[in-house]
Colleague: 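First the structure, then my questions, so here it is.
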Protein chains: 4
Amino acid sequence: MARIVALTPRKTPRQGRSRASVEAMLTAAAQILEVRGIAALTTNGVAERAGVSIGTLYQYFPNKETILAELVRRQKMQFFEDMFGAVQAAKAMDLRRATETVLQASIQHHARAPELSRELEKLEDMLDVDEEDICAGGGLVDRQIVELLESFGIAQPETAARDLSALCRGMVHAALADGECDLAAIEARLRPAVFGYLGLAPEGA
Amino acid sequence: MARIVALTPRKTPRQGRSRASVEAMLTAAAQILEVRGIAALTTNGVAERAGVSIGTLYQYFPNKETILAELVRRQKMQFFEDMFGAVQAAKAMDLRRATETVLQASIQHHARAPELSRELEKLEDMLDVDEEDICAGGGLVDRQIVELLESFGIAQPETAARDLSALCRGMVHAALADGECDLAAIEARLRPAVFGYLGLAPEGA
Amino acid sequence: MARIVALTPRKTPRQGRSRASVEAMLTAAAQILEVRGIAALTTNGVAERAGVSIGTLYQYFPNKETILAELVRRQKMQFFEDMFGAVQAAKAMDLRRATETVLQASIQHHARAPELSRELEKLEDMLDVDEEDICAGGGLVDRQIVELLESFGIAQPETAARDLSALCRGMVHAALADGECDLAAIEARLRPAVFGYLGLAPEGA
Amino acid sequence: MARIVALTPRKTPRQGRSRASVEAMLTAAAQILEVRGIAALTTNGVAERAGVSIGTLYQYFPNKETILAELVRRQKMQFFEDMFGAVQAAKAMDLRRATETVLQASIQHHARAPELSRELEKLEDMLDVDEEDICAGGGLVDRQIVELLESFGIAQPETAARDLSALCRGMVHAALADGECDLAAIEARLRPAVFGYLGLAPEGA
DNA sequence: CATGAATGAGCTTTCATTCAT
DNA sequence: CATGAATGAAAGCTCATTCAT
């Protein structure tokens with residue numbers, strides 16, 4: 001991997017065949033990343049699994065980094081899609097209900113392709129992608145969560161947002177890595193911790 | 001990386017010069033891991049940074065994996081040293097005090113070389129090191145924490161131990177990665193979350 | 001050299017350029033083997049002498065062993081081509097004439113690239129190639145010679161075939177290594193020995 | 001292996017301990033050669049098996065080649081010892097009896113450590129050792145065999161000596177490699193071939 | 001003299017990337 | 001545009017050899 005490289009795709013094709021090829025390549029890359037990890041992800045491997053030639057891959061991605069950056073971008077968009085509705089709805093609720101709603105969406109998000117998710121998170125800082133450049137809506141949800149917390153009078157809302165996100169991600173990933181499948185059970189254990197962080201009394205009380 | 005490889009060092013030298021070389025190599029490996037990540041860790045790079053020849057490196061480590069395994073082993077020993085005292089002391093306390101004591105030790109532990117720590121954690125499952133083989137005291141602390149939780153009547157103590165560990169690690173790493181330095185502040189935010197998880201009333205109450 | 005490795009080529013190209021490259025690599029390998037022996041045969045050396053890059057070599061041969069295995073396979077095919085006609089023809093002759101015919105073909109065979117031949121023979125057991133896998137016609141000639149000897153009432157035809165083959169190879173290689181070029185002369189000296197082995201009276205008698 | 005190297009030992013020690021070390025190293029080298037082949041013969045391996053340090057090895061042998069050259073020299077001396085008596089005795093016999101006597105000695109010689117023998121033969125031309133330099137008595141037996149053949153009126157005695165030697169070696173090695181152990185049986189099959197070569201009538205006649 | 005830690009050239013192999021077809 | 005043969009820097013690792021102790 002070269003040190004200074006472009007992180008944006010070479011062409012953004014809108015025609016059918018090209019579009020299908022690009023999708024195939026990204027899907028292939030995601031699958032390899034999920035199943036075999038980043039060390040096993042090679043451009044030749046991606047092209048082969050996608051059913052295109054290596055030359056075609058380099059028509060659309062100037063280098064390996066770009067493929068990964070695009071996967072990160074899509075992951076962020078997925079995050080946006082998974083969370084946006086819940087965060088919007090939460091604005092009309094009280095803190096306890098809002099927390100439950102956002103927490104549920106967050107767990108749902110972390111539960112899809114957790115291995116891929118972890119790999120992409122690591123990549124995120126390695127690629128030091130420009131937030132705005134990569135995904136316009138990326139940080140939007142983050143900002144809205146901050147605002148949400150602020151509206152409930154939480155002190156240091158940025159820190160709280162980051163803390164809760166990290167705390168949630170850490171526990172969900174660990175549970176999934178350990179073989180747990182019941183998201184509701186994970187949520188039930190995580191909820192009191194988040195309530196505790198926010199200074200809310202436990203549910204039963 | 002070959003699939004089946006030895007994970008134990010080749011020689012364990014006791015003379016001064018050799019011992020210094022081995023330490024230099026491990027330190028170099030840890031630094032590269034911390035600063036540039038696992039993908040950038042090469043045997044040639046480790047040897048160069050350690051100021052020894054590549055041949056010398058292979059006198060003491062039969063392969064790259066072994067270096068990483070030794071780092072993991074030392075990390076586990078560090079974990080043991082950092083936590084053992086706190087866990088022992090916690091046995092004589094009530095749940096609230098015990099939690100505070102262990103939490104503090106845990107944060108201290110995660111705060112040393114957090115990047116290295118994250119990399120080593122990922123390596124741990126990649127190398128699938130034999131728990132007992134690598135570090136006799138490795139899982140001891142984990143087991144004692146489980147027992148501690150059990151003694152306080154916490155349901156599913158294994159799950160709780162894993163949850164709390166992951167939750168704690170996630171938040172501490174995120175805070176440190178974000179540039180926070182004040183461990184006490186981090187601890188102050190983390191404590192209510194842990195209390196919440198354990199069903200304890202918030203401190204002020 | 002790893003212990004368990006593939007022994008079959010990676011791609012079998014049919015286009016002109018690739019085909020030429022593969023031939024060039026095999027020729028280069030054979031030449032190095034012939035002139036400087038197996039210890040001097042390196043993949044880099046083969047690629048350089050063939051005028052291709054090391055990367056290209058590994059496009060067609062997954063490892064060093066495979067190159068050698070392919071040379072052995074070709075040597076066996078050459079053996080088949082050199083001997084098959086003579087052995088077929090010998091079936092209609094008496095023992096004396098049959099022996100002369102096969103002996104002549106055998107000497108012809110051993111005379112082409114005798115050094116290469118010796119190296120490849122040594123490789124044959126090192127690589128423990130699967131007879132059938134490597135060359136369908138490989139052992140066919142051997143079996144036919146055994147049958148031929150059997151048809152003439154020779155006791156222990158397998159042993160006799162191996163003895164005569166070894167005896168012939170030994171003498172021809174030694175003569176060629178000593179600088180002799182006149183194959184007819186070598187044959188004239190070898191013939192009475194073979195006749196003697198088979199219990200035939202000397203020619204002049 | 002450097003290209004131009006000395007082929008004579010560095011010191012020829014007569015004292016007890018040194019002499020024992022040298023013997024141990026040569027024995028170790030011979031064993032490795034016999035069992036695992038030349039590719040597995042490393043100077044470090046020889047030293048280790050001999051129970052001496054690598055530094056000591058280089059006190060007595062300036063390089064790897066020299067060890068091999070010394071093994072070749074000893075092999076030749078062994079040949080001398082194995083054959084000299086038989087060749088001397090043969091001078092007083094008729095051709096048939098002389099042939100039997102020398103043949104028997106020759107087979108005996110080839111039967112000791114045949115794998116080692118083959119490896120050393122290959123080394124002989126690789127090292128292109130100077131006949132006289134390496135072993136004074138080396139060619140003596142060869143010359144005496146030539147004289148013996150000459151005394152019986154055999155035409156081209158040098159060629160005949162080389163032919164018979166190669167023919168004999170080829171067949172014996174093949175038989176041993178094939179798992180045969182009965183030297184008498186091998187001799188019984190080889191004898192008529194040699195008689196045939198020399199123009200003698202078969203034994204039964 | 002014996003030791004063995006240290007050296008580094010050189011080997012096998014991989015993989016991101018280019019470019020002629 | 002698509003292809004895939006070709007490239008070569010760079011990685012992991014070995015082993016003959018030296019030299020300070």
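Letters A, B, ... mirror the listed sequences (proteins, then strands); counts begin at 1.
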Colleague: With no angle test and no hydrogens, is the base of E:dA5 tied to the side chain of B:Q59 by a donor-acceptor pair under 3.5 Å?
Modeller: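 It does not, because no donor-acceptor pair links the side chain of B:Q59 to the base of E:dA5 below 3.5 Å.
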Colleague: To the nearest 0.5 angstrom, please state how far the OH atom of D:Y60 sits from the OG atom of D:S18.
Modeller: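 It comes to 3.0 Å.
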Colleague: Tell me the interatomic distance from C:E65, atom CD, to E:dT13, atom C1', rounded to whole angstroms.
Modeller: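 Answer to the nearest Å: 13 Å.
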Colleague: Is D:K76 close to D:E124 at the side-chain level, that is, under 4.5 Å between some pair of heavy atoms?
Modeller: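 Yes, at least one pair of side-chain atoms sits under 4.5 Å.
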Colleague: Can you tell me whether the side chain of A:N44 and the base of E:dA16 have a donor-acceptor pair closer than 3.5 Å?
Modeller: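 Such a pair is found, so the answer is yes.
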Colleague: Show me, pair by pair, the donor-acceptor contacts under 3.5 angstrom made by side chains of residues 114-122 of chain D, not counting sequence neighbours?
Modeller:
unit_1	atom_1	unit_2	atom_2	d
D:S117	OG	D:E121	OE2	3.2
D:E119	OE1	D:K122	NZ	3.4
D:E121	OE1	D:R169	NE	3.4

Colleague: Without decimals, in angstroms, what is the distance between D:I67 CD1 and F:dC15 C1'?
Modeller: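 The answer, rounded to whole Å, is 13 Å.
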Colleague: In whole Å, I'd like the distance from the CD1 atom of B:I32 to the C1' atom of F:dA11.
Modeller: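 So the CD1-C1' distance, B:I32 to F:dA11, works out to 13 Å.
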Colleague: If you fit an axis to the five pairs at each end of the helix from E:dA2-F:dT21 to E:dT21-F:dA2, how big is the angle between those two axes, to 10 degrees?
Modeller: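 Axis-to-axis angle, ends of the helix: 10°.
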Colleague: Using a 4.0 Å heavy-atom cut-off across all strands, classify A:L41 as base, sugar-phosphate, or nothing.
Modeller: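 Result for A:L41 = sugar-phosphate.
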Colleague: Tell me whether A:K64 contacts the main-chain N or O of A:L41 through its side chain, where contact means a donor paired with an acceptor under 3.5 Å.
Modeller: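 Side chain of A:K64 to backbone of A:L41, a donor-acceptor pair under 3.5 Å: yes, one is there.
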Colleague: Taking DNA chain E as the partner, which of residues 48-58 of chain D come within under 4.0 angstrom of it by heavy atom?
Modeller: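 Here the set is D:S53, D:I54, D:G55, D:T56.
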Colleague: With sequence neighbours excluded, what pairs up with B:S53 under the side-chain hydrogen bond (donor to acceptor under 3.5 Å, both in side chains) test?
Modeller: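 Partners of B:S53 under the side-chain hydrogen bond (donor to acceptor under 3.5 Å, both in side chains) test: B:T56.
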Colleague: For residues 27-40 of chain A, which residue pairs pass the side chain to side chain donor-acceptor pair (under 3.5 Å) check, not counting sequence neighbours?
Modeller: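 Every side chain to side chain donor-acceptor pair (under 3.5 Å) pair that includes a residue of residues 27-40 of chain A, provided the two are not neighbours, is A:Q31-A:R49.
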Colleague: Can you check whether D:R73 reaches D:E70 side chain to side chain, under 4.5 Å on heavy atoms?
Modeller: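 Yes, their side chains come closer than 4.5 Å.
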Colleague: Tell me the salt bridge (charged side-chain N to carboxylate O under 4.0 Å, His left out) pairs involving residues 22-31 of chain B, sequence neighbours left out?
Modeller: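 Qualifying pairs: B:E23-B:R74.
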Colleague: Find the distance B:M25:CE to E:dT7:C1' and express it as a whole number of Å.
Modeller: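 Computing the B:M25:CE to E:dT7:C1' distance gives 12 Å.
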Colleague: For D:T43 and F:dA16, is the shortest distance between a side-chain N/O and OP1 or OP2 below 4.0 Å?
Modeller: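 The answer is yes; a side-chain N or O of D:T43 sits under 4.0 Å from OP1 or OP2.
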Colleague: For A:T42 and E:dT14, is the shortest distance between a side-chain N/O and OP1 or OP2 below 4.0 Å?
Modeller: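 No, outside the criterion.
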Colleague: Start with the C-alpha gap between D:N63 and D:T66, add the side-chain angles, then the distance that decides, and say whether side chain to side chain contact (heavy atoms under 4.5 Å, CB included) holds.
Modeller: CA-CA 6 Å; D:N63 50 53; D:T66 320; 2.6 Å; yes
Colleague: Rounded to whole angstrom units, what separation is found between the CG atom of B:N63 and the P atom of F:dA11?
Modeller: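 Between P of F:dA11 and CG of B:N63: 17 Å.
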Colleague: D:L68 CG to F:dA16 P: how many Å, rounded?
Modeller: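 Whole-Å distance recorded here is 10 Å.
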Colleague: Starting at atom NZ of B:K64, determine the distance to atom P of E:dT12, rounded to an integer number of angstrom.
Modeller: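 The answer, rounded to whole Å, is 21 Å.
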